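Heads up, the thing below is written out as structure tokens.
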Amino acid sequence: IEAAAILKKGGLVAFPTETVYGLGADALNEEAARKIYAAKGRPSDNPLIAHIAKKEDIEPLVREIPEAGKKLMDAFWPVPPTAYELTRRFWPGPLTLIFPKSGRVPEGTTGGLDTVAVRMPSDPVARRLIELAGTPVAAPSANTSGRPSPTTAEHVRQDMDGRIEMIVDGGPVGIGVESTIVDVTGEIPMVLRPGAITMEMLKKCVGAVEIDPAILGP
Ligand code: AMP
Ligand code: MG
């Protein structure tokens, strides 16, 4: 509750998600987003992901939800969940989707882009905190740029101590693998970052899927 109050007034709070510990700030508050970039030493053109607590919370953030986005938000895991006992869907889960952004989302959050990345985490602590904050929460990994993504509150403390207002300790997190990022604004969904949700799982759901040439390398 204290953590949610800090987020509401534009402060920084580290909290666990099912992937890694995140460094949270109000995603609709440009000043708060700036604090994230400063605390991490992250270049401000590297866009942040807005984390939401319920599916409906996406509506004010986007201009439209393309068909492929709807399918992926409703998709079920094709295999029994292992590390993700809490959900059998991609949403909530480690899948980030890129949508055309609405006017509500400041460019200070999206690195100046006209699109916004949205994810609904499955971790109950993360979801409860976002719900109490009453706003989408930008939450890159809670480490200074160049350091490994933290999987315990202690790692966060060692790296970020003094630069953030509070750390919510939810114990060690499950996987340490980042969310898969899929851009659904184009004709064919495109994977921008590989992660916990595999290419096969995406294809099973939406058919054709492309991979961003930038991640394939030369
Ligand atoms: P993270 O560092 O885990 O918070 O993930 C942020 C990453 O998500 C960025 O480095 C981008 O690769 C990606 N991302 C976030 N928003 C967008 C967007 N609007 N368009 C494309 N990629 C995005
Ligand atoms: Mg990171």
Side-chain angles (χ1 to χ4, degrees), residues 7 12-28 30 32-52 58 60-66 68-69 72 92-123 126 130 136-151 155-156 159-160 164 173-186 188-197 202 209-217:
L7 289 175
L12 299 184
V13 175
F15 63 95
T17 78
E18 72 274 25
T19 55
V20 299
Y21 267 76
L23 178 59
D26 182 347
L28 302 183
E30 260 187 316
R34 251 196 300 278
K35 288 186 193 166
I36 288 190
Y37 290 109
K40 280 180 65 76
R42 171 171 169 134
S44 63
D45 60 354
N46 188 348
L48 304 172
I49 297 172
H51 292 70
I52 57 175
I58 190 175
L61 307 180
V62 303
R63 286 200 302 278
E64 57 156 343
I65 302 181
L72 289 167
L95 177 67
T96 296
L97 297 173
I98 310 284
F99 299 96
K101 84 170 189 70
S102 75
R104 293 284 304 281
V105 185
E107 294 198 342
T109 301
T110 65
L113 296 172
D114 191 33
T115 51
V116 59
V118 186
R119 178 165 104 80
M120 174 159 64
S122 65
D123 185 281
I130 297 165
V137 176
S141 54
N143 53 282
T144 48
S145 274
R147 301 250 310 188
S149 298
T151 53
H155 289 163
V156 178
D159 192 11
M160 306 292 287
I164 58 184
V173 299
I175 3 169
V177 177
E178 285 167 311
S179 64
T180 304
I181 302 181
V182 182
D183 184 342
V184 293
T185 61
I188 298 175
M190 174 135 73
V191 175
L192 303 186
R193 177 174 81 187
I197 305 237
L202 296 170
V209 179
E210 289 178 337
I211 302 183
D212 182 1
I215 61 179
L216 288 177

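None of the values given here were measured: they were computed from a predicted structure. We use all heavy atoms of the structure for the numbers below, so side chains are in, but hydrogens, waters and symmetry mates are not. Just so you know, ligand 1 is whichever comes first in the structure, and atom 1 is the first atom listed for that ligand.
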>> Can you see whether Thr96 engages Ser179 through a side-chain donor-acceptor pair at a distance of less than 3.5 angstrom?
In response: yes
> Any idea which atoms of ligand 1 are less than 4.0 Å away from a heavy-atom of Leu192?
Replying inline: 21 (C), 22 (N)
> Does the pair Asp159 and Thr144 meet the rule for a side chain to side chain donor-acceptor pair (under 3.5 Å), with working shown?
Replying inline: CA-CA 7 Å; Asp159 192 11; Thr144 48; 2.9 Å; yes
> Do Arg119 and Glu178 meet the salt-bridge criterion of a basic N to acidic O distance under 4.0 Å?
Replying inline: no
> What atoms in ligand 1 come closer than 4.0 Å to a heavy atom of Thr115?
Replying inline: 18 (C), 19 (N), 20 (N)
>> I'd like to check Val62 versus Val116 (side-chain heavy atoms, cut-off strictly below 4.5 Å). Are they in contact?
In response: yes
>> With respect to Arg193, determine whether any N or O atom, backbone or side chain, lies less than 3.5 Å from an N or O atom of ligand 1.
In response: yes
> Do Thr180 and Leu95 have side-chain heavy atoms sitting under 4.5 Å apart?
Replying inline: yes
>> Quick check: do Leu202 and Ile197 have side-chain heavy atoms less than 4.5 Å from each other?
In response: yes
> Should the proximity of Asn46 to ligand 1, defined as any heavy atom under 4.0 Å, be assigned to the side chain, the backbone, both, or neither?
Replying inline: side chain
> Can you list the atoms of ligand 1 that are under 4.0 Å from a heavy atom of Ile181?
Replying inline: 7 (C), 8 (O), 13 (C)
> Quick one: does Thr110 get within less than 4.0 Å of ligand 1, heavy atoms only?
Replying inline: no
>> Within ligand 1, which atoms have a heavy atom of Ile98 less than 4.0 Å away?
In response: 17 (C), 18 (C), 20 (N), 21 (C), 22 (N), 23 (C)
>> Closer than 4.0 Å to some heavy atom of Leu113 - which atoms of ligand 1 meet that?
In response: 18 (C), 19 (N), 20 (N)
> Hey, is Lys101 one of the residues with a heavy atom under 4.0 angstrom from ligand 1?
Replying inline: no
> Going by the order shown, which atoms of ligand 1 are within less than 4.0 Å of some heavy atom of Pro140?
Replying inline: 4 (O)
>> Are Asp212 and Asp183 packed together at the side-chain level, in the sense that at least one heavy-atom pair is separated by less than 4.5 angstrom?
In response: no
> Heavy-atom contacts under 4.0 Å between Arg42 and ligand 1: side chain, backbone, both, or neither?
Replying inline: side chain
> Rounded to the nearest 0.5 Å, what separation is found between the CZ atom of Arg104 and the OG1 atom of Thr109?
Replying inline: 12.0 Å
